[in-house]
Visitor: 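One structure coming up, written as structure tokens, with questions to follow.
Quick note: residue numbers are just sequence positions, from 1.
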Amino acid sequence: MNHLAPITRFAFVDEEPAVNFPHLHVLVVDDLATMRRVVSSLLREELGQARISEAADGVQELQLLKSAKTEGRPVDFVVTDCNMPNMDGITLLQKIRETPHLQHVPVLMVTAEATRDVILAAARAGADGYIVKPFNAATLRLKLDQILNRKKCQHRHSAVLA
């Protein structure tokens with residue numbers, strides 16, 4: 001008679017281990033310097049040695065994204081606020097998705113607005129995720145893991161199909 005060990009955890013086919021963050025270059029975009037510092041601090045807590053850059057609005061962020069690519073240190077992930085002067089987060093996201101060498105960069109939208117319209121606008125513009133303020137380091141880490149694992153799976157599947 002076979003004795004089977006009890007199942008203690010279910011695994012899913014697409015389940016991946018947590019992403020290794022130390023080599024990521026993350027760009028944090030928010031018009032409030034305090035919020036940029038808070039998000040950057042949370043990222044440093046969760047990501048360790050990752051490179052973190054900051055921008056005050058969408059215009060500055062687009063410039064940083066483009067210059068980082070030409071300088072050989074491309075941005076791997078963007079965390080951006082929705083409501084900013086000069087260029088809001090949704091418009092910024094649309095511009096990222098329209099730019100061939102940037103459209104693959106994962107974007108996490110952060111906002112105090114949890115309205116259906118804002119969430120739908122972010123999704124339609126191509127946001128990879130959405131967090132409502134206030135949030136903690138664990139929530140941020142979970143979203144980063146989910147988004148980066150999904151991107152990794154998409155990349156792997158597209159390589160197989162090519």
Visitor: Using every non-hydrogen atom in the two residues, find where Val29 and Val78 come nearest and quote the distance to one decimal.
Guide: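 Closest approach of Val29 to Val78: CG2-CG1, 4.3 Å.
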
Visitor: If every non-hydrogen atom of Val132 is compared with every non-hydrogen atom of Ala114, which pair is closest and at what distance?
Guide: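 Closest approach of Val132 to Ala114: CG2-CB, 3.8 Å.
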
Visitor: Could you tell me which non-hydrogen atom of Asp31 sits nearest to which non-hydrogen atom of Pro85, and how far apart they are?
Guide: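 Here Asp31 and Pro85 meet closest at CB-CD, 3.4 Å.
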
Visitor: About how many Å separate OG1 of Thr99 and CG of Leu62, when rounded to the nearest 0.5 Å?
Guide: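 Separation between the atoms: 6.5 Å.
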
Visitor: Roughly how far, to the nearest 0.5 Å, is NZ of Lys133 from SG of Cys82?
Guide: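 Reported value, rounded in 0.5 Å steps: 8.5 Å.
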
Visitor: Provide the closest heavy-atom pair for Leu93 versus Gly126 in the form atom of the first, atom of the second, distance.
Guide: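 For Leu93 versus Gly126, the nearest heavy atoms are CD2-C, 3.8 Å.
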
Visitor: Do the side chains of Val26 and Val75 get nearer than 4.5 Å, heavy atoms only?
Guide: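 They are not in contact (no side-chain heavy atoms under 4.5 Å apart), so the answer is no.
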
Visitor: Kindly give the heavy-atom pair with the smallest separation between Pro106 and Asp76, and that separation in Å.
Guide: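 Shortest heavy-atom contact: CD-O, 3.1 Å.
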
Visitor: Between His25 and Ile52, is there a donor-acceptor pair closer than 3.5 Å when you use the side chain of the first and the backbone of the second?
Guide: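 A pair under 3.5 Å: no.
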
Visitor: Indicate yes or no for a side-chain donor-acceptor contact from Asp128 to the backbone of Val107 under 3.5 Å, with no hydrogens or angles considered.
Guide: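 Pair found, side chain donor or acceptor close to backbone of Val107.
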
Visitor: Just by modelled atom types, is the Ala68 backbone N or O under 3.5 Å from a matching donor or acceptor in the Arg73 side chain?
Guide: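 Checked: no pair found.
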
Visitor: In Å, rounded to the nearest 0.5 Å, how long is the span from CD of Glu45 to CG of Asn136?
Guide: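 It comes to 9.5 Å.
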
Visitor: Please determine whether residues Ile96 and Val118 belong to a single hydrophobic cluster, defined as Ile, Leu, Val, Met, Phe, Trp and Tyr linked transitively by side-chain heavy-atom distances below 4.5 Å.
Guide: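 Shared cluster, yes.
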
Visitor: Is there a donor-acceptor pair under 3.5 Å between the side chain of Thr139 and the backbone N or O of Phe135?
Guide: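 No; judged by distance alone, with no hydrogens or angles, the pair does not exist.
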
Visitor: I would like to know whether Met35 and Asp81 meet side chain to side chain contact (heavy atoms under 4.5 Å, CB included); could you show each step before the answer?
Guide: CA-CA 9 Å; Met35 194 63 201; Asp81 187 24; over 6 Å; no

Visitor: Below 4.5 Å, heavy atoms only, C-beta onward: do Tyr130 and Thr111 meet side chain to side chain?
Guide: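 With C-beta onward as the side chain, the pair touches.
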
Visitor: Report the distance from atom CZ of Arg97 to atom CD of Gln103, rounding to the nearest 0.5 Å.
Guide: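 The CZ atom of Arg97 sits 8.0 Å away from the CD atom of Gln103.
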
Visitor: How would you list, by chain and number, every residue that makes a salt bridge (charged side-chain N to carboxylate O under 4.0 Å, His left out) with Arg37, sequence neighbours excluded?
Guide: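 Not a single residue meets the salt bridge (charged side-chain N to carboxylate O under 4.0 Å, His left out) criterion with Arg37.
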
Visitor: Honestly curious: do Leu140 and Val105 fall in one hydrophobic cluster under the side-chain, below-4.5 Å linking rule?
Guide: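 In one cluster: no.
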
Visitor: Out of the candidates Leu27, Asn86, Val28, only one should pair with Glu61 under the side chain to side chain contact (heavy atoms under 4.5 Å, CB included) rule; please name it.
Guide: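 For Glu61, the side chain to side chain contact (heavy atoms under 4.5 Å, CB included) check succeeds only for Leu27.
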
Visitor: As an exercise, state the distance from CD of Gln146 to NZ of Lys143, rounded to the nearest 0.5 Å.
Guide: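 Spacing of CD (Gln146) from NZ (Lys143) equals 5.0 Å.
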
Visitor: Specify the closest pair of heavy atoms between Leu108 and Phe77, including all atoms of both residues, with the distance to one decimal.
Guide: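 In this case the closest contact between Leu108 and Phe77 is CB-CE2, 3.7 Å.
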
Visitor: For a side chain to side chain contact (heavy atoms under 4.5 Å, CB included) check, start with the C-alpha distance between Val79 and Ile131, then their side-chain angles and the critical distance, and finish with the verdict.
Guide: CA-CA 10 Å; Val79 179; Ile131 295 182; over 6 Å; no

Visitor: Given Lys95 and Met87, is the side chain to side chain contact (heavy atoms under 4.5 Å, CB included) satisfied, shown in steps?
Guide: CA-CA 10 Å; Lys95 297 226 181 263; Met87 184 187 299; 4.0 Å; yes

Visitor: State plainly whether the residues Asp57 and Arg36 are in salt-bridge range, i.e. N to O under 4.0 Å.
Guide: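 Looking at Arg36 together with Asp57, the answer is no, because their closest N to O distance does not fall below 4.0 Å.
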
Visitor: Out of curiosity, Met109 CE to Leu92 CG, how far, rounded to the nearest 0.5 Å?
Guide: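 So the CE of Met109 and the CG of Leu92 are separated by 7.5 Å.
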
Visitor: Just by modelled atom types, is the Met84 backbone N or O under 3.5 Å from a matching donor or acceptor in the Asp88 side chain?
Guide: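 Answer holds: no.
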
Visitor: Do Ile147 and Leu42 share a hydrophobic cluster, counting only Ile, Leu, Val, Met, Phe, Trp and Tyr and linking them when any side-chain heavy atoms are less than 4.5 Å apart?
Guide: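 They do share one cluster, since a chain of ILVMFWY contacts under 4.5 Å joins Ile147 to Leu42.
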
Visitor: Please determine whether a side-chain nitrogen of the Lys or Arg among Arg124 and Asp117 lies less than 4.0 Å from a carboxylate oxygen of the Asp or Glu.
Guide: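 Here Arg124 does not pair with Asp117 in a salt bridge, since their nearest N and O are not under 4.0 Å apart.
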
